[in-house]
Enquirer: 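A single structure is presented below for examination.
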Amino acid sequence: MNYWLMKSEPDEASIADLERAGQLPWTGVRNYQARNFMRDAMRVGDGVLFYHSSCPEPGVAGLAEVASTAYPDATQFDPASKYFDPKSSPEAPRWLHVDVRWRRTTRLLSLAEMREAPELVSLRVLQRGNRLSITPVSPSEWAAVLKRLDA
DNA sequence: GCCAACGTTGGC
DNA sequence: GCCAACGTTGGC
């Protein structure tokens with residue numbers, strides 16, 4: 001069982017959108033490291049911290065879980081999509097994604113609050129210069145976040 | 001394979 | 001809108 005933090009811009013897909021839909025394909029990842037996490041390391045049932053980014057209140061907004069293994073992202077083949085990738089083809093898809101299932105909508109655990117938490121000093125997403133949209137979370141970091149959400 | 005230029009991310 | 005950090009691209 002692994003744990004992850006996945007960033008989403010709430011304008012595109014918020015935790016409320018995920019709650020409504022129940023499950024969503026995590027489309028639009030165009031970074032090889034993030035893709036490789038989904039392809040090589042994610043397993044169905046893995047825990048996901050749903051993080052709102054590029055918004056007035058960035059932070060963890062809910063909990064989700066990995067609901068599928070990785071499969072080709074359809075938006076890469078669609079010329080009308082902003083995620084269209086002319087260098088990809090259905091024969092050799094470049095971009096993959098998993099499906100994510102809603103579990104809980106929580107209070108917002110803000111970025112500022114996470115930075116103040118001693119148990120979270122090593123959290124990948126808090127590291128200087130981090131831009132990855134998908135990062136691993138350790139079991140102890142996961143537990144620390146849950147504890148703070150329940151507190 | 002190097003590296004400069006450029007693009008993107010994302011908090012502030 | 002700014003800008004630091006980092007990824008990607010492409011000429012050589």
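First the proteins, then the strands, lettered A, B, ... as listed; each starts at 1.
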Enquirer: Could you check whether Glu119(A) pairs with Arg148(A) (Lys NZ or Arg NE/NH1/NH2 to Asp/Glu carboxylate O, under 4.0 Å)?
Expert: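 Looking at Glu119(A) and Arg148(A), the cut-off is met.
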Enquirer: Of the nucleotides dC12(B), dG7(B), dG10(B), which one has an atom closest to the side chain of Arg131(A)?
Expert: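 For Arg131(A), the side-chain atoms sit closest to dG7(B).
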Enquirer: Specify the separation, in whole Å, of atom CG of Leu132(A) and atom P of dT9(B).
Expert: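 From Leu132(A) CG to dT9(B) P: 12 Å.
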Enquirer: To the closest 0.5 Å, what do you measure between OG1 (Thr105(A)) and CG (Leu63(A))?
Expert: 9.0 Å
Enquirer: Starting at atom CG of Asn130(A), determine the distance to atom P of dA4(C), rounded to an integer number of angstrom.
Expert: 18 Å
Enquirer: Are the aromatic ring centres of Phe84(A) and Trp95(A) under 6.0 angstrom apart?
Expert: no
Enquirer: In whole angstrom, give the distance that lies between atom CD of Glu9(A) and atom P of dT9(B).
Expert: 8 Å
Enquirer: Could you tell me whether Arg94(A) and Asp73(A) make a salt bridge, using a distance below 4.0 angstrom between a side-chain N and a carboxylate O?
Expert: no
Enquirer: Mind calculating the distance between CH2 (Trp95(A)) and C1' (dT8(C)) to the nearest angstrom?
Expert: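 The answer, rounded to whole Å, is 10 Å.
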Enquirer: Look at the side chain of Lys87(A) and decide which nucleotide, out of dG10(B), dT9(C), dT8(B), has an atom nearest to it.
Expert: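 Output: dT9(C).
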Enquirer: Take atom OH of Tyr32(A) and atom C1' of dT8(C), then tell me their distance rounded to the nearest Å.
Expert: 9 Å
Enquirer: What is the distance, to the nearest angstrom, from the CZ atom on Arg30(A) to the P atom on dT9(C)?
Expert: 13 Å
Enquirer: To the nearest angstrom, how far is Tyr83(A) atom OH from dG7(B) atom P?
Expert: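 For the pair Tyr83(A) OH and dG7(B) P, the rounded distance is 19 Å.
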Enquirer: At under 4.0 Å between heavy atoms, what does Gln33(A) touch on the DNA or RNA strands: base, sugar-phosphate, or nothing?
Expert: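 The residue Gln33(A) makes sugar-phosphate contact but no base contact.
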Enquirer: Would you say dT9(B) has OP1 or OP2 under 4.0 Å from some side-chain N or O of Lys7(A)?
Expert: no
Enquirer: Between Tyr51(A) (OH) and dG10(B) (C1'), how many Å, whole number?
Expert: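 It is 8 Å, rounded to the nearest whole Å.
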